[in-house]
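Along the sequence shown, the residues carry numbers beginning at 1. When reading the values below, keep in mind they use all heavy atoms of this one structure, side chains included, and skip hydrogens, waters and symmetry mates.
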Amino acid sequence: MSTTGTTVVAQRRVRLVTGELGSSESRIPAWAYSWGTAAVFAVLYTVLSVRRHQLQQTAGYDLGIFEQAVRAYAHLRAPVTPLKGPGFDVLGDHFSPAVAVLAPFYRIFPSPVTLLVAQSVLLSLAIVPLADWALTARGPRTALVVGFGLGASWGVVQAAAFDFHEVALAVPLIAYTVRALGEERWRAAALWSLPLLLVKEDQGLTVAAVGVYVALRGPRRLGLWLTAAGALGTCVEVLLVLPAVNVHGGFDYWQQITGGGSATTGGVTQAGGGGSVIGLLLHLPWPPVKWLTVLMLLAPSAFLGLRSPLTLLCVPTLLWRFASGNTHYWGVAYHYSAVLMPIVFGGFVHALSRGGLTRRRGRALLAVSAAFTAATLPFFPMRELVLPPQWITPAHVETADAILGEIPNGVKVAASNRLAAQLVHRDTVTLVCMRAASADAAWVVVDATDSKAIAPCSADTAVAELSRFEARGYTLVAQSDGVTLLRR
């Protein structure tokens, strides 16, 4: 940003803080629009995710996997995750060494709740730079719409509600990067983006996109270096690091890149897999659920984000998702869009701050954005906070908790998917259907009603495994309401 631009922003901040923009705006301190809003959503995310865990709505895949990795880091060990298989180093699945930053907190508080709280705080931190930018650029009204819009956005809420994932670390980094780009603080943007290389292998593509943006609009040399670092980082991680660490000697997700065929991963058949370049190009815009995803990304900014080149930073993530044969990547479910929401709202602020809008039109756009946020809330997990059934613990959950209480600490347990997440903090846990990993388990526990057990093994498969353990001499300890506990 130019010196003049910086001065204008600073002067506006002073007027906001001192109340020169109007008495109604001076009643709220400037920090409340950013840090205050972030604190509100940190609490909401925490309540939502912890309550879901208490109701056994989390799973070994993925909360248990990440807890095993962080637990290993906390004890200065390699992040081997028995839930993925015998001796499986999670760095061979996705390159996410950044999650090790949570290890000190987990060492003090060894619980899945630690990961859920950490994720909630990380996701809410993305609000801080963007709401503050909106405040300095357009005033309190814009700051509230952007802060609450991002906090309640469908992409971030889905991530907060769905177990724990490494992308929680990327979301605030991207938010700070986007603001720095919008304010033309090029070196700050580069420094904020580079740690993304340690969050997940695909984030190098976002770093490269940031580099292209800097090269085109700022210092060319810095941008080219950043582009090279991002592209090279992803290549090294995918082609060298992951295959070197992976127990299968390769990158497990190549087969999901599609050209119109099909692929099988973990026993689940995916659309696409293999095929020609033409097939890949034809696959990118189809089926229509992909267009729904694009629409849902543009709508929070009342489509004004199309006026900002910052919004184009979404393209690398959308390309690899839409190129995949994994249908889960295409739509608005799960956590995959969390990294896009700071870009969407950053583009919104950028477009608003570039001028050319009348006050009336600016207010109309903010109203549309707020209306979209309000209209989508009932369709995504945040609604659970006001649903009475979510605050009543079902008898089935109480029964399962009582049966899990029969399992001592420090033993090896073969469990079904949901129950695995309840045990990882105190036991060595594998999935009951992974025969090689669970062969020497001292305890076996299966919930026949486990609706989350889809991949890599279904609930029916998990129940069928009980017979195999019983044939090997395991004895029945408890059985009630579909939950069965065996002991060797």
Side-chain angles (χ1 to χ4, degrees), residues 1-16 21-22 25 30 33-34 126-150 153 174-190 192-193 206 209-220 222-223 226 294-295 297-316 318 340-373:
M1 178 176 280
S2 65
T3 304
T4 302
T6 304
T7 302
V8 170
V9 168
Q11 289 174 347
R12 181 173 180 84
R13 178 178 291 279
V14 170
R15 294 201 307 272
L16 283 166
L21 292 182
E25 295 176 352
Y33 293 96
S34 53
I127 296 171
V128 175
L130 298 184
D132 188 64
W133 182 20
L135 180 67
T136 59
R138 294 284 296 191
R141 183 180 288 106
T142 304
L144 289 174
V145 170
V146 169
F148 279 88
L150 177 58
S153 64
I174 292 173
Y176 278 97
T177 298
V178 168
R179 180 182 181 176
L181 290 174
E183 295 182 334
E184 299 182 2
R185 294 182 290 112
W186 308 117
R187 183 174 297 180
W192 279 114
S193 66
T206 299
V210 171
V212 171
Y213 187 99
V214 174
L216 293 175
R217 303 178 68 87
R220 188 166 181 265
L222 174 62
L226 193 59
V294 174
L295 178 65
L297 286 170
L298 296 175
S301 69
F303 297 92
L304 185 67
L306 290 170
R307 292 183 53 183
S308 169
L310 287 175
T311 305
L312 292 175
L313 297 178
C314 291
V315 171
L318 289 176
L340 301 179
M341 304 316 296
I343 300 174
V344 167
F345 281 91
F348 188 29
V349 177
H350 189 223
L352 287 169
S353 64
R354 296 176 76 182
L357 294 175
T358 65
R359 175 171 299 195
R360 182 176 181 180
R361 189 183 176 199
R363 289 183 175 180
L365 291 168
L366 292 176
V368 172
S369 176
F372 178 82
T373 299

Side chain proximity check, Leu304 to Phe348, heavy atoms < 4.5 angstrom: yes
Answer yes or no: is there a side-chain heavy-atom contact under 4.5 Å between Tyr176 and Trp133? no
Using side-chain heavy atoms (C-beta onward) and a distance below 4.5 Å, is Leu365 in contact with Val368? no
Rounded at 0.5 Å granularity, tell me how far CG in Leu222 sits from CH2 in Trp186. 9.5 Å
Quick check: does any side chain N or O of Ser301 sit under 3.5 Å from a backbone N or O of Leu298, one acting as donor and the other as acceptor? yes
Of all heavy-atom pairs linking Arg354 and His350, the shortest is CG-O, 2.8 Å
What's the verdict on side-chain contact (heavy atoms from CB on, under 4.5 Å) for Ser34 and Ile127, showing C-alpha distance, side-chain angles and the deciding distance? CA-CA 6 Å; Ser34 53; Ile127 296 171; 5.8 Å; no
Is there side-chain contact between Val210 and Ile174, with heavy atoms separated by less than 4.5 Å? no
State whether the side chain of Ser369 and the backbone N or O of Pro300 hold a donor-acceptor pair below 3.5 Å, judged by distance alone. yes
Any chance you could measure Cys314, atom SG, to Met341, atom CE, to the nearest 0.5 Å? 8.5 Å
Any Leu226 side-chain heavy atom under 4.5 Å of Ser193 side chain: yes
For a quick test of reading the model, state the closest non-hydrogen atom pair linking Leu130 to Pro342 and the distance between them. CD1-O, 3.5 Å
The criterion is side-chain contact (heavy atoms from CB on, under 4.5 Å); which residues satisfy it with Leu295, sequence neighbours excluded? Phe303
Does a side-chain heavy-atom distance below 4.5 Å link Leu181 with Arg217? no
Extract all donor-acceptor atom pairs below 3.5 Å that involve side chains of residues 143-150 and protein atoms in other chains or at least two apart in sequence.
none

Other residues, nucleotides and ligands only: do more than 12 of their heavy atoms fall within 6.0 Å of CZ on Arg187? no
By the definition side-chain contact (heavy atoms from CB on, under 4.5 Å), identify the one residue from Ile343, Val349, Val344 that meets it with Val178. Ile343
Quick one: are Arg307 and Leu357 in side-chain contact, heavy atoms under 4.5 Å? yes
Thr142 (side chain) donor-acceptor with Ala134 (main chain) under 3.5 angstrom: no
CZ/Arg185 to OG1/Thr177 distance, rounded to the nearest 0.5 angstrom? 10.0 Å
